[in-house]
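Accompanying notes for the structure given below.
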Amino acid sequence: FETGPDPALVVTADGTATDSNAAFREFLGISREAANGRRLDEFEAFDDAAVDAMTAVADAADDRRTITYQSADGTRHAECRLSGTLDDSTAADACAEHIVILRDITDELAYKRDLERQVDRLDEFASMLAHDLRNPLGIANGWLEEAEASGDSIAFERVDSAHDRMRCMIDDLLALARMGEVISDPHDSAEKPCYDQQAVMRRYDVVREICDYMLDLGWNPYQIDHEDANGQFEMNWDFDDALRTADKHSFFKFMVKSV
């Protein structure tokens with residue numbers, strides 16, 4: 001108990017710490033005398049929810065809960081494991097004691113959130129790819145019917161061109177999958193980055209170059225903002241008729257990829 005790697009303490013049902021190990025005392029930066037015999041709600045590190053989680057009698061022999069606490073590094077998260085009462089004969093008594101072990105899981109939770117965001121981004125990209133593939137696939141099927149009917153070599157070339165476009169899209173998806181969620185700006189990691197002007201300015205050289213090209217093309221770009229996802233920006237230009245807008249949208253993708 002005393003030399004365990006994780007902070008641990010013995011707590012009564014009324015929230016008094018009767019004993020603690022070295023890791024717990026080091027975690028709070030206090031002595032044994034200052035830790036033992038003190039109520040949990042007197043520790044600044046724990047809020048009411050954390051105190052409740054650490055004092056509630058375990059429902060099972062090995063009960064695990066998650067709490068939030070304050071440390072010198074800011075808000076942290078810990079798995080709070082209650083190992084049951086030390087004296088089974090007094091389990092229902094208010095003075096029954098149980099051991100609380102705190103294992104920091106802040107980094108694990110952050111990693112889990114990163115994985116969830118990565119999966120969401122891949123799902124979004126796969127959905128976009130599936131949508132974009134319908135166009136060249138439809139073109140290929142149409143020209144294939146024409147080629148089969150007429151034997152025209154130009155029709156076969158257009159089928160091959162549509163297939164090349166689909167192969168490029170698939171390669172892009174595979175490249176993204178291999179990269180995971182790596183983006184060009186490692187500081188662009190806010191949970192809600194929408195309209196983050198600092199992120200826009202960090203990538204100013206890129207967005208400016210793209211904007212300059214749009215100006216040269218006569219598209220009249222008028223707004224650039226950071227979007228909802230990390231590494232994602234919104235660039236707006238003047239409306240046009242449907243055919244020209246579709247052409248600009250397709251060309252924009254190739255232009256940005258080249259930049």
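Here CZ of Arg203 is found 9.5 Å from CD1 of Ile210. Values are rounded to the nearest 0.5 Å. Here Asp52 contributes atom CG and Asp41 contributes atom CG; the two are 9.5 Å apart, rounded to the nearest 0.5 Å. How far CD1 of Ile30 is from OG of Ser20: 6.5 Å, rounded to the nearest 0.5 Å. A distance of 8.5 Å separates OG in Ser31 from CG in Asn36, rounded to the nearest 0.5 Å. Here the OG-CG distance, from Ser153 to Asp160, works out to 12.0 Å after rounding to the nearest 0.5 Å. Remark: Asp212 CG to Leu217 CG distance equals 11.0 Å, nearest 0.5 Å.
A 4.5 Å side-chain heavy-atom check between Phe252 and Met235 finds at least one atom pair inside the cut-off. Looking only at side-chain heavy atoms (C-beta outward), Asp225 and Gln197 come within less than 4.5 Å of each other. Between Val100 and Val10 the shortest side-chain heavy-atom distance does not fall below 4.5 Å. Taking the side chain as every heavy atom from C-beta outward, Met214 and Met255 approach each other to under 4.5 Å. Looking at Ile105 and Lys112, their side chains never come closer than 4.5 Å, going by heavy atoms from C-beta outward. In this structure the side chain of Asn21 never reaches within 4.5 angstrom of the side chain of Leu9, judged on heavy atoms. Side-chain contact between Phe43 and Tyr69: absent, with no pair of heavy atoms (C-beta onward) separated by less than 4.5 Å. Two residues are said to be in side-chain contact when any heavy atoms from C-beta on lie closer than 4.5 Å; Thr55 and Asp14 fail this criterion.
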Glu2 and Arg32: CA distance, side-chain angles, deciding distance, side-chain contact (heavy atoms from CB on, under 4.5 Å) verdict: CA-CA 11 Å; Glu2 175 63 20; Arg32 180 190 295 270; 3.3 Å; yes
Stepwise, does the side-chain contact (heavy atoms from CB on, under 4.5 Å) test hold for Leu102 with Phe46? CA-CA 12 Å; Leu102 303 175; Phe46 306 121; 4.2 Å; yes
Verify side-chain contact (heavy atoms from CB on, under 4.5 Å) between Leu82 and Arg65, making sure each step is shown before the conclusion. CA-CA 8 Å; Leu82 280 67; Arg65 307 158 187 188; 3.8 Å; yes
Would Arg202 and Gln198 satisfy side-chain contact (heavy atoms from CB on, under 4.5 Å), going step by step from the backbone distance to the final call? CA-CA 6 Å; Arg202 285 195 299 269; Gln198 290 184 336; 4.0 Å; yes
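Within a 6.0 Å sphere centred on CD of Gln223, heavy atoms belonging to other residues, nucleotides or ligands number more than 12. Heavy-atom contacts from other residues, nucleotides or ligands closer than 6.0 Å to CD of Glu44 number 12 or fewer. Counting heavy-atom neighbours within 6.0 Å of Phe156 CZ, excluding the residue itself, gives a total above 12. In Asp48, the CG atom is not crowded: 12 or fewer heavy atoms of neighbouring residues, nucleotides or ligands sit closer than 6.0 Å. The number of heavy atoms from other shown groups lying within 6.0 Å of OH (Tyr111) does not exceed 12. A 6.0 Å sphere centred on CZ of Phe1 holds more than 12 heavy atoms belonging to other residues, nucleotides or ligands.
Aromatic ring pairs are classed by plane angle as parallel below 30°, tilted from 30° to 60° and perpendicular above 60°; the pair Trp219 and Phe251 is perpendicular.
Donor-acceptor pairing under 3.5 Å is lacking for the side chains of Thr245 and Asp240. Between the side chains of Asn236 and Glu234, at least one donor-acceptor pair of N or O atoms lies under 3.5 Å. His77 and Thr106 form no side-chain donor-acceptor contact under 3.5 Å, judged by distance and modelled atom types alone.
When ring centroids are compared, His226 and Phe233 come within the 6.0 Å threshold.
Across all their heavy atoms, Cys80 and Ala53 have their closest contact at SG-O, 4.3 Å. The minimum heavy-atom distance between Ala190 and Asn230, with the atom names listed, is O-ND2, 3.0 Å. In plain terms, the two heavy atoms of Leu215 and Pro221 that are nearest each other are CD2-CD, 3.6 Å. Summarising the geometry of Met54 relative to Val11, their closest heavy-atom pair is O-CG1, 4.0 Å, with the distance given to 0.1 Å. Annotation for Pro7 and Phe27: closest pair CG-CB, 4.1 Å, computed over non-hydrogen atoms. Across every non-hydrogen atom of Ala35 and Phe24, the tightest pair is CB-CE2, 4.4 Å.
Within the 3.5 Å criterion, the main-chain N or O of Asp152 finds a donor-acceptor partner in the side chain of Ser150. Although no hydrogens or angles enter the test, the distance criterion places no donor-acceptor pair under 3.5 Å between the side chain of Thr16 and the main chain of Thr12.
The pair Arg244-Asp247 does not meet the salt-bridge criterion, since no charged nitrogen lies less than 4.0 angstrom from a carboxylate oxygen. Between Glu108 and Arg103 a salt bridge is recorded (basic side-chain N to carboxylate O distance below 4.0 Å).
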